[in-house]
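What follows is one structure encoded as structure tokens, with my remarks underneath.
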Amino acid sequence: MIEFYKCTDKAVTAVTEKSEANWINLTHATLGDLENVATELGIDPTHLAYVLDDEEYSRMVALEDNKYIIVDIPAKLGGNDLMDYNTVPLSISVVGNRVVTATTVDHDLFDEATRERLVLDAKETTEVLVLKIVLTIINQYQRLLRQIDHERLNLENKGASDTSKNDVIKAHQLESVIVYFETSLRSLEVVLNELKLSLPKRMISYERDLFSAVFLEVKQAIEMASIYRNIMGNTRELLSTLIDISLNNIMKFMTSITVVMAIPTIISGFYGMNVSNDGVPFAQTINGFHIVVIISFIISILLAIWLRRNKWM
């Protein structure tokens, strides 16, 4: 799908005339879509087509007055949970006074609320729009990292009795998502350094402040991802430990039950031997059987109480 927007100092509005648009956004982009846009803009479609490769690494290429940037953005792939997030390439091309963004998946990065932040004053250059787009990407990473950390807290608060192997798997999947995010953010930082070298040395104060803000945000996002990754790793180990403790408690309880039940078995085994009844306690007593059973149960109950006090049951 191809969308055309006109960014002004008041709002970002969708337009139907391609000539009026200074921002072209493609989602679910195909090779044919990219070739059509490249033909209309009079550029080589090769650089736009890099986004079709899911494993394309982040970088920036400057050719004449045009800039072609590849960065990774977070996107859901096949589900609605945080574990289903991964990173996919997004191309940002600066062609004259226009910016072209393209990706092969659907995403909510440029929803209506986000687009309102991409207003562009008449005096501002297309590089400013690129920086605002990059800042939007960074904010998206930060928002998702906070959601992942919130999910981590939910896992920790479940308690040992409710922890299952699915929670450990979930923690591992969330940790993997954080690793993907951190790797993409570090690559984004490298791209920003490349972009900085290509920008005019004489930038207005607002552009310098915006660039500094973007740099600060990406560094904070990288630090956030690094901290959350370490904490999530500790949470995963904690969940594994809780499951082991729960299993050990079950095995300890079952062992205690076995020991308690062994007392009547041992006593009945003595009385079941094929020997003379002479000398066997209660053998000649009318209620001998009941007495032996009662004694067995009393010993078992006393043993169970002792095990309970020693926290074996």
Checklist entry - Going through the checks in order, is the side chain to side chain contact (heavy atoms under 4.5 Å, CB included) test met by Ile24 and Ile2? => result CA-CA 7 Å; Ile24 303 174; Ile2 304 178; 3.9 Å; yes

Item to check | Derivation and outcome, salt bridge (charged side-chain N to carboxylate O under 4.0 Å, His left out), residues Lys170 and Asp167 | outcome: CA-CA 5 Å; Lys170 184 176 183 179; Asp167 295 324; over 6 Å; no

Next on the checklist: Let's go through Leu216 and Ser212 carefully: what are the C-alpha distance in whole Å and the side-chain angles of both, what is the deciding distance for side chain to side chain contact (heavy atoms under 4.5 Å, CB included) to 0.1 Å, and is it a yes or a no?
Outcome noted: CA-CA 6 Å; Leu216 180 62; Ser212 299; over 6 Å; no

Next on the checklist: Checking Ile73 against Thr87 for the side chain to side chain contact (heavy atoms under 4.5 Å, CB included) test, could you report, in this order, the C-alpha distance in whole Å, the side-chain angles of both residues, the deciding distance, and whether it holds?
Outcome noted: CA-CA 5 Å; Ile73 62 170; Thr87 57; over 6 Å; no

Item to check | Intermediate values then yes/no, side chain to side chain contact (heavy atoms under 4.5 Å, CB included), Arg59 and Val71 | outcome: CA-CA 7 Å; Arg59 66 184 185 279; Val71 295; over 6 Å; no

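For the atom pair CD of Gln173 and CD1 of Ile148, the computed distance is 11.5 Å after rounding to the nearest 0.5 Å. In this structure, CD1 on Ile133 lies 4.0 Å from CG on Leu129, to the nearest 0.5 angstrom. Atom CZ of Arg308 sits about 10.0 Å away from atom OG of Ser256, to the nearest 0.5 Å. In this structure, the separation between CG on Leu52 and CG on Leu34 is 5.5 Å, given to the nearest 0.5 Å. The CD1 atom of Ile231 sits 8.5 Å away from atom CG of Leu153, with the distance rounded to the nearest 0.5 Å. The structure places CD of Glu237 at 11.5 Å from CG of Asp244, a figure rounded to the nearest 0.5 Å.
Linking Ile, Leu, Val, Met, Phe, Trp and Tyr whenever their side-chain heavy atoms come within less than 4.5 Å puts Val51 and Leu31 in one cluster. Both Met254 and Met261 are part of a single hydrophobic cluster, where members link through side-chain heavy atoms under 4.5 Å apart. Hydrophobic clustering (side-chain heavy atoms under 4.5 Å, transitive across Ile, Leu, Val, Met, Phe, Trp, Tyr) groups Ile263 together with Ile291. Clustering ILVMFWY residues whenever any of their side-chain heavy atoms sit less than 4.5 angstrom apart, transitively, puts Tyr57 in a cluster other than the one holding Tyr68. A chain of hydrophobic side-chain contacts below 4.5 Å, direct or via other Ile, Leu, Val, Met, Phe, Trp or Tyr residues, connects Met232 to Ile227.
Heavy-atom neighbours of His290 NE2 from other residues, nucleotides or ligands within 6.0 Å: at or below the threshold of 12.
Between Val100 and the options Asn25, Leu26, Val94, a side chain to side chain contact (heavy atoms under 4.5 Å, CB included) holds for only Leu26. Considering Val168, Thr241, Leu174 in turn, Val168 is the only one that fulfils the side chain to side chain contact (heavy atoms under 4.5 Å, CB included) rule with Arg236.
The backbone N or O of Pro89 sits less than 3.5 Å from a side-chain atom of Thr103, completing a donor-acceptor pair.
Other residues sharing a hydrophobic cluster with Ile298 under the 4.5 Å side-chain heavy-atom criterion for ILVMFWY residues are Ile294, Leu302.
Salt-bridge check for Arg186 with Glu182: passed, with a basic side-chain N closer than 4.0 Å to an acidic carboxylate O. At a threshold of 4.0 Å, the pair Arg152-Asp149 counts as salt-bridged, since one of the basic side-chain nitrogens sits closer than that to a carboxylate oxygen. Using a cut-off of 4.0 Å between Lys/Arg side-chain N and Asp/Glu carboxylate O, Glu175 and Arg229 are scored as not salt-bridged.
Contact of the Val99 side chain with the Val130 side chain is registered, since non-hydrogen atoms from C-beta on lie closer than 4.5 Å.
Between Phe215 and Phe211, the ring planes lie tilted relative to each other; the angle falls in the 30° to 60° range. Ring geometry for Phe181 against Tyr85 counts as perpendicular: the plane angle is over 60°, on a 0 to 90° scale with 30° as the lower cut.
In the model, Thr27 has no side-chain atom that pairs as donor or acceptor with a side-chain atom of Asp106 under 3.5 Å.
Closest approach of Arg98 to Leu41, counting heavy atoms only: NH1-CD2, 3.3 Å. Of all non-hydrogen atoms in Asp72 and Tyr141, the two that sit nearest each other are O-OH, 2.8 Å.
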